[in-house]
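What follows is a short report on a single structure.
By convention in this document, chain letters (A, B, ...) are assigned in the order of the sequence lines, proteins followed by strands, and residues within each chain are numbered from 1. The shown structure was predicted, so the numbers you read here are calculated from the model rather than taken from an experiment. What you see below is based on every heavy atom in this structure, not just the backbone, and it leaves out hydrogens, waters and symmetry mates.
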Amino acid sequence: MSGDHSHNDSQIESGSRYNDSHKHKDKYKDKEHRHKDHKKDKEREKSKYSNSEHRDSSDKKHRDKDKERLKLKDGSSDKQKDKHKEKKKEERSFDGKPKKERENGFASPLIKSEPENDDFYLSPKHEKSLKRERDDDDAEFKPKKIKTEDDRSEKKAKKRKQVEEDIKPKKKTKGKKGEVATDGKKKAKKEPEDKWKWWEEERYTDGVKWKFLEHKGPVFAPPYDPIPSNVKFYYDGKHMKLSPEAEEVATFFAKMLDHEYTTKDIFRKNFFKDWRKEMTSEEKSKISDLNKCDFSEMSEYFKAQSEARKAMTKEEKLKIKEENERLLQEYGFCVMDNHKERIANFRIEPPGLFRGRGDHPKMGMLKRRIRPEDIIVNCSKDSKHPKPPPGTKWKEVRHDNKVTWLVSWTENIQGSIKYIMLNPSSRIKGEKDWQKYETARRLKKCVERIRSQYREDWKSKEMRIRQRAVALYFIDKLALRAGNEKEEGETADTVGCCSLRVEHLSLHQEMDGQEFVVEFDFLGKDSIRYYNKVPVEKRVFKNLQLFMEDKEPEDDLFDRLNTSILNKHLQELMDGLTAKVFRTYNASITLQQQLSELTNSEENVPAKILSYNRANRAVAILCNHQRAPPKTFEKSMQNLQTKIDAKKEQLADAKRELKSAKADAKVRRDEKSKKAVETKKKAVERVEEQLMKLEVQATDREENKQIALGTSKLNYLDPRISVAWCKKFDIPIEKIYNKTQREKFAWAIDMAEKDFEF
DNA sequence: AGCGAGACTTAGCATTGGGCGA
DNA sequence: TCGCCCAATGCTAAGTCTCGCT
């Protein structure tokens, strides 16, 4: 596994805690709460960065790797590939290399009919060019050739069985045949008995995304429901009846009154400005100061409403639920190429006040109501077009099968386009996801070459090359995002790698006993703070000094670089390579390494799952996926501790009982008392296990306080790694993936065997 | 090359609802 | 059976990257 990424280890050993040792900093107060004090700082600090030399292996080694790589490209000496060749259909579909089975396996009428495709599969001579690789595995442009293999269906059947066995038949595991919802839920709704396995089918070529698309259009937000007239608004202490338009916007503000941001200047200013636009001229002339507005009655009214909603009877709740279900059934699905597919967001975003994240200059602005006249519908010509609500019409109906969206509109805050698209379980999303991981796996094959290249480039005579090389090093080592430029004043001030400014790093010749430490402190995506102290190689350090020379804090660190230059370069290194592939690659390879390191096959299932979560956590830390500690965190931790204490007591009791039973048995020496001892022994064991389970849970939760595992699980970790791990250690897949996740990763669950290797 | 529009993925927070213990 | 709590789901903002134009 040449893709080893030793730097990752460094972040993990300590049991994977988020590094928040920056608490004393008072920049970015906003996010400060996330980085509260942590007792293990020191410890973590040490272990986290102990591994500064992570890629310091000699240049020579890299050169050798380079040679190896070239060989790999020829496809002849790749052991791994040979090993996997016979079995892995997924490699067949997305992997760039020609495989034997390609040549024997399929007739590929599709390919034949498209002359420009011939060479991808057949002629070895083409293998030499980098270009070919891309083409071959670019899902969108190449047909899959899967079905042609003869033994395939047989294998498939076998596999499917395995999967089914692995998935413990629980109450209502989705639509596997023969399984009826056992708990009598009315929702034994007949999902298609056999889930469609799109991953076994051919893919489209030429950027066509579908041939047929039919849907019912979007669901609009309910019209404004005026508040009762006894709920009053006061201006300057005097009751004032607002026009419906002005009133609606006022209710948006009233609903947010409890939020901190209604106290923020920018928010109030933006809101007031937009609110005034909705007022009648009379209202406008009267209402000139937001501070004189009293929304409290409105606010109380809405609070009461939500209480009332909670207190509804079962029947009422059920009714609402049924209505939602009906809406889902009617609007939540579309037909794309003969298959009914779930739509992700079929409801149009309701109007409200915009709340950007972080210090957003547009917070508080009015997000206007979307009307049918704003909507562009996309569907196929020969489908039944969705109807606009009576008396309205669509802005446009188009038939563009080169895109995946069903509906779009332009949002008024940033002027960007919003879309209605399909659910992650859909073919169109799944294929793309699968392809993403295949690209990352290709990076694995050449990452050493790329690393040695950027290390070389640190010495380049050209500034732009050096900057590019250092930036790439950060992206690779620290999993930073690319960092596109952003329009100033339009969004919160956040950065990624290429947009780092001098003020975001400080250099320390020596720090905490380590040489050449770079201290990062900046706000990244969603204004989440990235804080990290990283020992780097001397050459990187010197380069950074050079880049920062004679610059102001607000100047760009990489003034000769942007994402487009970087990505163009990456594209030359490997087809399909962009900055974000490194994140995917490093995340997945880290998971795989950590799993193999942390999993102890002797341990029981909860312990193994803790290991899994720790591996997952290592990735989340690498990718800086944070969350605000849940509001009820302390309390729920306490609750758990109480449970643990109770369990301990119970255990003590059980042990005592066992002891006395033993004593008893010694005296009596009869069958009955012996049996009693056995029973007590069992009881002790049972309680011990329960205790252990609780303790594991507590550890897991504590470690997870500020770390969000979901994002990496959903977007960065090749699901086949997890599936393989489950199979290898006999862990039911439900322990790792919930229902939604299992739907999204159905392809991986179906195809990955226990020996899958990323 | 630089730019803006467009399409699509990635992200954290808010709300919901269902399971579970009292 | 009820109410609590947390996992699941829903929501939509904020990124990345490509493409076509100038």
>> Taking Watson-Crick (N1-N3 plus N6-O4 or O6-N4) and G-U wobble (N1-O2, O6-N3), each under 3.5 Å, can you produce the dot-bracket string of DNA chain B? Use [ ] for crossing pairs and | for inter-strand ones.
In response: ||||||||||||||||||||||
[X] side-chain N/O to [N] phosphate OP1/OP2 under 4.0 Å:
| X | N | result |
| --- | --- | --- |
| Thr711(A) | dG12(B) | yes |
| Thr404(A) | dC8(B) | yes |
| Asn484(A) | dT16(C) | yes |
| His625(A) | dA11(B) | yes |
| Arg583(A) | dA11(B) | yes |
| Lys402(A) | dA7(B) | no |
| Arg355(A) | dA14(B) | no |
| Lys367(A) | dA13(C) | yes |
| Lys436(A) | dT10(B) | yes |
| Tyr716(A) | dA11(B) | yes |
| Lys486(A) | dG15(C) | yes |
| Lys310(A) | dT15(B) | no |
| Asn738(A) | dA8(C) | yes |
| Lys580(A) | dA14(C) | no |

> Which atom pair, heavy atoms only, marks the closest approach of Ala708(A) to Gln626(A)?
Replying inline: CB-O, 3.9 Å
Just to be sure I understand the rule, does [X] reach a base, reach only the sugar-phosphate, or reach nothing, if contact means heavy atoms closer than 4.0 Å?
| X | answer |
| --- | --- |
| Thr494(A) | sugar-phosphate |
| Lys525(A) | base |
| Gly483(A) | sugar-phosphate |
| Ala492(A) | nothing |
| Pro350(A) | sugar-phosphate |

Taking the basic N atoms (NZ, or NE/NH1/NH2) and the acidic carboxylate oxygens, is any pair closer than 4.0 Å for [X] and [Y]?
| X | Y | answer |
| --- | --- | --- |
| Lys209(A) | Asp400(A) | no |
| Glu322(A) | Arg326(A) | no |
| Arg720(A) | Asp718(A) | yes |
| Lys216(A) | Glu330(A) | yes |
| Arg357(A) | Asp526(A) | yes |
| Asp493(A) | Lys486(A) | no |

> So which one's nearest nucleotide on DNA chain C is more toward 5', Ser564(A) or Ile348(A)?
Replying inline: Ile348(A)
>> Quick check on DNA chain C: between Thr578(A) and Lys418(A), whose nearest nucleotide comes earlier from the 5' end?
In response: Lys418(A)
[X] side-chain proximity, nearest of [options]:
| X | options | result |
| --- | --- | --- |
| Arg347(A) | dA11(B), dT9(B), dC11(C) | dC11(C) |
| Lys432(A) | dG18(B), dA14(C), dT9(B) | dT9(B) |
| Arg481(A) | dT10(B), dA11(B), dC8(B) | dA11(B) |
| Arg357(A) | dA11(B), dG15(C), dC8(B) | dA11(B) |
| Phe354(A) | dA13(C), dA11(B), dC17(C) | dA13(C) |
| Gln571(A) | dC17(C), dT18(C), dA7(B) | dT18(C) |
| Asp526(A) | dG18(B), dA14(C), dA14(B) | dA14(C) |

>> Pick the closest DNA chain B nucleotide for Ser712(A) and for Ser408(A) by heavy atoms, then say which residue is nearer the 5' end.
In response: Ser408(A)
>> Between Glu485(A) and His259(A), which residue's closest nucleotide on DNA chain B lies nearer the 5′ terminus?
In response: Glu485(A)
Nearest-angstrom distance from the residue atom [atom1] of [X] to [atom2] of [N]:
| X | N | atom1 | atom2 | result |
| --- | --- | --- | --- | --- |
| Arg464(A) | dA1(B) | CZ | P | 10 Å |
| Lys744(A) | dT9(B) | NZ | P | 9 Å |
| Ile376(A) | dG6(B) | CD1 | C1' | 11 Å |
| Asn567(A) | dG2(B) | CG | C1' | 16 Å |
| Asp359(A) | dA13(C) | CG | P | 17 Å |
| Lys705(A) | dG12(B) | NZ | P | 18 Å |
| Gln638(A) | dC4(C) | CD | P | 17 Å |
| Glu487(A) | dA14(C) | CD | C1' | 14 Å |

> With no hydrogens and no angle check, do the side chains of Tyr716(A) and Arg583(A) hold a donor and an acceptor under 3.5 Å apart?
Replying inline: yes
>> Using only atom types and a distance under 3.5 Å, with no angle test, would you say the side chain of Asn270(A) pairs donor to acceptor with the backbone of Gly364(A)?
In response: no
>> Ring-plane angle category for Phe253(A) and Phe271(A), please: parallel below 30°, perpendicular beyond 60°, tilted otherwise.
In response: parallel
>> Is the ring pair Phe520(A)/Phe522(A) parallel, tilted or perpendicular, if the boundaries are 30 and 60 degrees?
In response: perpendicular
